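Here is the structure we will look at, set down as structure tokens.
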Amino acid sequence: MKSRGGRCHEIVIALFGVKSFISQAGLPFSTRQALRLKGVKFDVICEDLFNKSPLLLQYNPVGKKVPVLVHNGKVICESLVILEYIEETWKQTPLLPEDPYQKANARFWAKFSDDKVFQLIKWDVLLKEGKEQEEGILASLQNLRYLEEELRGKKFFGGEAIGLADLALGWLAYYLNIIEEVAGLKLVDQESFPSLVAWMQDFANAPGVHGSWPDRDKLAEKFVAMREASLKKETRK
């Protein structure tokens with residue numbers, strides 16, 4: 001891994017025609033894991049989003065953010081869009097089923113992760129306290145119950161193999177426990193969410209996923225800093 005200094009976020013350089021992929025916390029490792037599952041080799045370079053490099057601005061002048069995938073000179077942005085591109089470009093180890101309904105269902109849960117689960121847990125649980133946090137916890141628990149119900153009787157969201165929805169929601173398997181520790185609360189336990197807990201363990205230990213996560217201590221430090229900065233900002237209002 002090469003670093004530009006400062007706080008590191010990732011640019012993944014994939015071999016065999018894939019030039020680069022840039023990512024950050026949230027859904028950073030879903031694309032990385034998808035490439036690994038499909039057997040696409042890649043290296044990782046760090047990108048400092050607090051001092052955006054000419055490379056990032058060149059690849060994504062509109063959004064000026066990550067993730068970005070560059071493949072044979074073509075630039076693709078946004079995590080879910082990149083996952084779809086990877087699926088259509090490398091046919092081995094399919095991430096989406098053939099059945100149109102099942103495919104639509106997988107896309108629904110992937111978008112649900114992006115739009116609902118992640119946003120609430122980050123902004124209204126990790127970065128809030130008091131009444132606002134309590135409301136965020138209640139809303140997050142309801143979202144997690146939806147996931148529990150969808151997973152009941154299944155190993156992964158798509159059945160027996162990891163698919164698009166699993167990759168989009170995979171951050172829960174690693175990030176959630178750290179967020180719970182930093183925020184001093186518990187959202188998911190074995191008694192209330194047995195299917196979700198089993199899925200988190202199966203996903204985290206799956207080939208192609210295991211060993212792909214960032215350093216836990218550094219991630220915890222980042223979440224602590226984010227929470228402290230957010231709460232400090234709130235007290236100034």
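Just so you know, these numbers use all the heavy atoms, side chains as well, and skip hydrogens, waters and symmetry mates. Predicted model, so just to flag it, every value in this text is computed and none were measured.
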- Chi angles and distances behind the side chain to side chain donor-acceptor pair (under 3.5 Å) call for W199, D166: CA-CA 9 Å; W199 168 82; D166 300 285; 2.8 Å; yes
- Message: Could you walk me through whether W109 and V117 satisfy the side chain to side chain contact (heavy atoms under 4.5 Å, CB included) test, starting with their C-alpha distance in whole Å, then the side-chain angles of each, then the deciding distance to 0.1 Å, before giving a yes or no?
- Response: CA-CA 10 Å; W109 289 112; V117 186; over 6 Å; no
Output, in order, the C-alpha distance, side-chain angles, deciding distance and verdict of side chain to side chain contact (heavy atoms under 4.5 Å, CB included) for L69 and V75. CA-CA 6 Å; L69 175 71; V75 179; over 6 Å; no
Q: Go through the steps to decide whether I162 and F157 satisfy the test side chain to side chain contact (heavy atoms under 4.5 Å, CB included), and finish with yes or no.
A: CA-CA 7 Å; I162 290 175; F157 280 91; over 6 Å; no
Note to self: Quick one, E150 with N105, criterion side chain to side chain donor-acceptor pair (under 3.5 Å). Give me CA distance, side-chain angles, the key distance, then yes/no.
What the structure shows: CA-CA 10 Å; E150 179 64 19; N105 195 51; 3.1 Å; yes
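Taking OG of S195 as the reference point, atom CZ of R152 lies at 6.0 Å (rounded to 0.5 Å). Separating the OG atom in S212 from the NE2 atom in H210 is a distance of 9.0 Å, to the nearest 0.5 Å. Taking CG of L144 as the reference point, atom CD1 of I121 lies at 5.0 Å (rounded to 0.5 Å). The CZ atom of F156 sits 13.0 Å away from the CG atom of L169 when rounded to the nearest 0.5 Å. One finds the CG atom of L37 at 7.0 Å from the CG atom of L95 (value rounded to the nearest 0.5 Å). The CD1 atom of I82 sits 14.5 Å away from the CD atom of E87 when rounded to the nearest 0.5 Å.
Using a 4.5 Å cut-off on side-chain heavy atoms (C-beta onward), Q33 and W213 make contact. You'll find the side chain of E84 stays beyond 4.5 Å of the side chain of E78, heavy atoms only. Taking the side chain as every heavy atom from C-beta outward, R107 and L96 approach each other to under 4.5 Å. Counting only heavy atoms from C-beta outward, the side chains of V81 and I76 approach each other to under 4.5 Å.
Using modelled atom types, one side-chain atom of K52 and one backbone atom of K64 make a donor-acceptor pair closer than 3.5 Å. Although no hydrogens or angles enter the test, the distance criterion places no donor-acceptor pair under 3.5 Å between the side chain of K38 and the main chain of L35.
Other residues, nucleotides and ligands contribute over 12 non-hydrogen atoms within 6.0 Å of the NZ atom of K154. Within a 6.0 Å radius of NZ in K103, more than 12 heavy atoms belonging to other residues, nucleotides or ligands are found.
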Which pairs would a plain distance check flag for residues 180-190, meaning a side-chain donor or acceptor within less than 3.5 Å of a matching protein atom at least two apart in sequence or in another chain?
{"residue": "E180", "atom": "OE1", "partner": "K186", "partner atom": "NZ", "Å": "3.1"}
{"residue": "E180", "atom": "OE2", "partner": "L187", "partner atom": "N", "Å": "2.8"}
{"residue": "E180", "atom": "OE2", "partner": "V188", "partner atom": "N", "Å": "3.1"}
{"residue": "E181", "atom": "OE2", "partner": "R216", "partner atom": "NH2", "Å": "3.0"}
{"residue": "D189", "atom": "OD1", "partner": "E191", "partner atom": "N", "Å": "3.2"}
{"residue": "D189", "atom": "OD1", "partner": "S192", "partner atom": "N", "Å": "2.7"}
{"residue": "D189", "atom": "OD1", "partner": "S192", "partner atom": "OG", "Å": "3.2"}

Between side-chain atoms of residues 125-138 and protein atoms elsewhere (two or more places apart, or another chain), which donor-acceptor pairs fall under 3.5 Å?
{"residue": "K128", "atom": "NZ", "partner": "W123", "partner atom": "O", "Å": "3.3"}
{"residue": "Q133", "atom": "NE2", "partner": "V125", "partner atom": "O", "Å": "2.9"}
{"residue": "Q133", "atom": "NE2", "partner": "K128", "partner atom": "O", "Å": "3.1"}

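A pairwise comparison of heavy atoms in Y146 and F112 identifies CD1-CZ, 3.8 Å as the closest pair. In this structure, L80 and A168 approach most closely via the heavy-atom pair CD2-CB, 3.9 Å. Between A34 and L83, the shortest heavy-atom contact is CB-CD2, 3.6 Å. The shortest non-hydrogen separation linking Y174 to P214 is OH-O, 2.6 Å. In this structure, C77 and V68 approach most closely via the heavy-atom pair SG-CG2, 4.0 Å. Contact between A173 and F203 at its shortest, heavy atoms only, is CB-CD2, 4.0 Å.
With sequence neighbours excluded, no residue forms a side-chain hydrogen bond (donor to acceptor under 3.5 Å, both in side chains) with T89.
Classified by interplanar angle (parallel below 30°, tilted 30° to 60°, perpendicular above 60°), the ring pair Y85/W90 is perpendicular.
With L196 as the fixed residue, the side-chain contact (heavy atoms from CB on, under 4.5 Å) test singles out one of E148, E149, Q201: E148.
L120 and L141 fall into different hydrophobic clusters, where Ile, Leu, Val, Met, Phe, Trp and Tyr residues are linked whenever their side-chain heavy atoms come under 4.5 Å apart, directly or through other members.
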